[in-house]
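Note on naming: letters A, B, ... go to the chains in the order of the sequence lines (proteins, then strands), and numbering restarts at 1 for each one.
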There are 4 protein chains.
Amino acid sequence: MVTAKPSQDRPLRADAQRNRARLLAAAETVFATSGLAVPIEEVAKAAGVGVGTVYRHFPNKEALFEAIVIARTRRLADQTRALVEDGDPHTALFEIVDRVVGEAAVKKDFADALTAAGRDVKSTDEMTEASADMRAALADLLAAGQRVGVVTEDVTIAELFSLLYGLCVAAEHYNWDGMQRARAVTLTFNGLGPR
Amino acid sequence: MVTAKPSQDRPLRADAQRNRARLLAAAETVFATSGLAVPIEEVAKAAGVGVGTVYRHFPNKEALFEAIVIARTRRLADQTRALVEDGDPHTALFEIVDRVVGEAAVKKDFADALTAAGRDVKSTDEMTEASADMRAALADLLAAGQRVGVVTEDVTIAELFSLLYGLCVAAEHYNWDGMQRARAVTLTFNGLGPR
Amino acid sequence: MVTAKPSQDRPLRADAQRNRARLLAAAETVFATSGLAVPIEEVAKAAGVGVGTVYRHFPNKEALFEAIVIARTRRLADQTRALVEDGDPHTALFEIVDRVVGEAAVKKDFADALTAAGRDVKSTDEMTEASADMRAALADLLAAGQRVGVVTEDVTIAELFSLLYGLCVAAEHYNWDGMQRARAVTLTFNGLGPR
Amino acid sequence: MVTAKPSQDRPLRADAQRNRARLLAAAETVFATSGLAVPIEEVAKAAGVGVGTVYRHFPNKEALFEAIVIARTRRLADQTRALVEDGDPHTALFEIVDRVVGEAAVKKDFADALTAAGRDVKSTDEMTEASADMRAALADLLAAGQRVGVVTEDVTIAELFSLLYGLCVAAEHYNWDGMQRARAVTLTFNGLGPR
DNA sequence: GATGAATGAGGGTTCATTCAT
DNA sequence: GATGAATGAACCCTCATTCAT
């Protein structure tokens with residue numbers, strides 16, 4: 001956000017910056033498509049760079065993966081917060097959940113990400129922060145939902161979180177289309193609302 | 001279940017039989033504990049045999065893994081059917097789901113199994129059969145639930161299946177204890193029942 | 001030395017034993033010829049095995065190298081001790097030094113070994129033991145030399161050791177033939193003897 | 001010594017000159033400390049320049065290393081010659097040897113240099129010249145020693161050279177302090193003198 | 001049948017060198 | 001001239017699978 005030294009910065013960085021972004025994007029796609037086990041070279045190829053470049057930007061495969069998760073978590077948190085502020089409280093919760101689940105269905109790595117496939121994404125400060133951020137955004141959302149009465153008071157963030165998680169994984173696993181997803185989200189929401 | 005050559009076997013066969021069983025048990029544990037990426041040798045060691053023996057019983061790693069999934073699926077199907085027949089229709093659905101989810105929380109490999117971590121468990125005949133079996137049992141369960149009115153008519157087996165799946169994964173991921181699990185299952189069931 | 005269980009041991013081990021030996025021999029040659037930087041595959045090829053076999057016997061390159069050093073040190077210690085016992089005290093010191101230096105000239109790895117090329121051969125117990133053994137043998141030799149008067153009393157083992165070391169390196173570096181070596185050893189011995 | 005284009009250079013040239021010097025100094029230290037295997041980038045960092053600059057001054061890593069060896073050899077030759085001229089013939093030999101060995105003990109790269117760690121420092125013209133220079137200086141020294149009788153007539157330059165080499169390596173390897181070094185040099189000299 | 005040694009393809013990572021800025 | 005990002009060959013090591021015993 002804040003580019004230090006407004007004027008003559010290191011000029012090279014422009015390319016590097018772009019490469020990093022392409023790498024992240026490519027990695028997201030490739031990991032999503034082929035799983036975490038793909039050779040790094042595959043990622044590099046998809047990003048149109050050499051393996052060395054991957055390693056210049058990320059110390060190792062795990063770090064690359066973590067960077068994706070962090071980016072993704074941040075994006076989700078941002079979107080969530082946007083919806084909390086702009087959206088109709090009555091539908092905000094449904095919408096954001098639906099959207100999150102929808103994305104998860106496409107980018108196969110979300111669950112992979114959170115699950116981190118056995119290997120525990122070692123809580124980097126950055127990761128911890130992004131997580132907390134997401135959690136906070138979701139908490140706001142939940143509070144909003146409870147305020148307008150679509151969710152009963154006794155539902156906790158943790159519960160919401162884990163149900164959301166389950167939905168994401170299922171969406172990904174069963175390759176839900178919009179219809180199926182909406183239905184599942186609806187069913188789940190029914191459970192959260194008042195009897 | 002299907003013991004090939006029902007009657008007189010050479011005594012050695014007994015050892016082999018036992019080895020296969022130990023192998024399956026060991027593999028289930030080891031995969032659950034350390035993920036699918038563990039070297040086969042680890043499994044062999046855990047089973048107290050040499051790698052060669054593993055390969056005598058299963059053509060390759062994937063087959064071993066599949067065998068576990070099949071065994072597990074069969075077990076679940078059996079349990080489900082048992083509950084359908086013996087259990088109180090009002091609680092049967094809840095109970096079986098709770099149990100399945102409970103097991104999933106312990107044996108980390110269930111989701112791993114179904115998700116099959118990227119690689120698609122190629123539907124063997126056996127696997128297909130076990131799956132169908134499980135699906136049928138769950139269908140019966142669902143039908144029973146609908147008959148007594150705890151689940152609305154419009155819920156499909158596919159939907160039930162995927163929600164169940166999501167619960168399992170979440171249970172595993174968040175390491176739910178009995179309480180948390182019951183709560184999640186309850187919430188989910190609320191969603192399936194009549195308004 | 002002591003092969004446990006004289007009769008029916010694990011039969012396979014014979015091959016493995018042989019491979020380990022071949023590996024050690026090959027590695028000694030290859031490292032000597034091409035330096036410590038040669039790819040492990042080169043060593044494997046020289047031993048007529050696959051890389052995997054190298055790694056079955058030695059956890060990593062360094063361990064392989066260390067094994068060579070240990071073997072070599074033991075051999076030297078043994079030879080030294082033999083000379084101490086069998087040899088004429090008047091010539092024993094000269095002879096053993098000459099021989100050690102002679103070997104060093106051929107097997108280029110001796111100095112490499114001791115120097116351990118920058119990386120410090122982490123003192124394994126085995127290594128420590130072998131070293132101590134060698135040192136002890138040399139101490140005996142020195143004592144013998146002093147007893148018969150070819151070396152003055154004030155020469156310490158450490159001094160002998162380091163001069164020997166220097167000679168070895170020089171022999172290797174300058175590729176001394178027997179004549180050159182004998183001359184250098186003689187000159188050095190002159191320095192150790194009484195004026 | 002040989003500054004190309006003696007007179008008017010562009011001011012930038014000054015920077016380049018300085019960079020080359022810093023590079024050489026940094027490389028000497030870094031190679032000495034961490035061995036020849038350190039990444040070039042390490043050297044660059046130590047010199048406070050980018051890798052590109054290293055390659056502007058030296059075509060490749062080997063050339064950089066060779067430049068160090070040459071510089072070092074020249075320095076030794078100069079010092080030697082100085083001692084030959086200024087020093088007391090009776091102690092000159094001892095002194096120069098002691099000094100050379102002393103330096104070798106500090107700058108670990110001397111032996112590394114001469115041994116050239118497996119890779120043979122391809123005799124560049126420059127290198128050859130520097131070597132010859134050193135050899136000549138040492139020859140003068142030896143001659144002086146022989147003239148005053150501290151060294152017997154039959155000692156050849158080659159012999160002196162190789163003993164010196166051995167001492168250097170040993171000094172480096174055993175990390176001799178001044179005392180230990182003096183003792184070793186003395187012992188060695190005893191050997192070179194008349195009986 | 002069981003064992004575990006051997007194989008070797010494959011993947012992660014490093015680093016000398018090049019080149020756009 | 002300097003910089004440091006990019007490249008990719010090469011290396012260490014792992015592990016699924018085979019096979020001699």
**Complete:** Its dot-bracket string being built from Watson-Crick and G-U pairs below 3.5 Å, with | for another strand and [ ] for crossing, DNA chain E has the pattern .||||||||||||||||||||

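Each salt bridge (Lys or Arg N to Asp or Glu O under 4.0 Å) pair with one or both residues in residues 17-26 of chain C, not counting sequence neighbours, appears once here: C/D15-C/R18.
Residues satisfying the side chain to side chain contact (heavy atoms under 4.5 Å, CB included) criterion with B/A63, sequence neighbours excluded, are B/F58, B/P59, B/N60. Residues satisfying the side chain to side chain contact (heavy atoms under 4.5 Å, CB included) criterion with C/A71, sequence neighbours excluded, are C/R75.
In plain terms, the two heavy atoms of B/I68 and B/F31 that are nearest each other are CD1-CD1, 3.5 Å.
Nearest-nucleotide mapping onto DNA chain E: of A/K61 and B/T53, the residue sitting toward the 5' end is B/T53. For the pair C/N19 and D/V38, both in contact range of DNA chain E, the more 5′-proximal nearest nucleotide belongs to C/N19. Take the nearest nucleotide of DNA chain F for D/V54 and for A/V54: the residue whose nucleotide is more 5' is D/V54. The residue among C/A37 and B/P59 whose nearest nucleotide of DNA chain F lies closer to the 5′ end is C/A37.
Closest contact between the side chain of D/R56 and the listed nucleotides F/dG1, F/dA5, E/dA6 involves F/dG1. Considering only the side chain of A/Y55, E/dG12 comes nearest among E/dG12, F/dC12, F/dA5.
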When the side chains of residues 38-57 of chain D are checked against the rest of the protein, which donor-acceptor pairs come out under 3.5 Å, sequence neighbours left out?
none

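In the region residues 45-52 of chain D, proximity to DNA chain E at under 4.0 angstrom, judged on heavy atoms, holds for none of the residues.
Between the P atom of E/dG11 and the CG atom of A/L36 lies a distance of 14 Å, rounded to the nearest Å. For the pair C/I40 CD1 and E/dG8 P, the computed distance is 16 Å after rounding to whole Å. Note: CG (B/L23) to P (E/dT3) measures 10 Å, nearest angstrom. Straight-line distance from the CZ atom of B/R20 to the P atom of E/dA2: 13 Å, rounded to whole Å. The distance from atom CD of C/E41 to atom P of E/dG10 is 14 Å, rounded to the nearest whole Å.
Phosphate proximity of E/dG1 to B/H57: absent, as no side-chain N or O sits under 4.0 Å from OP1 or OP2.
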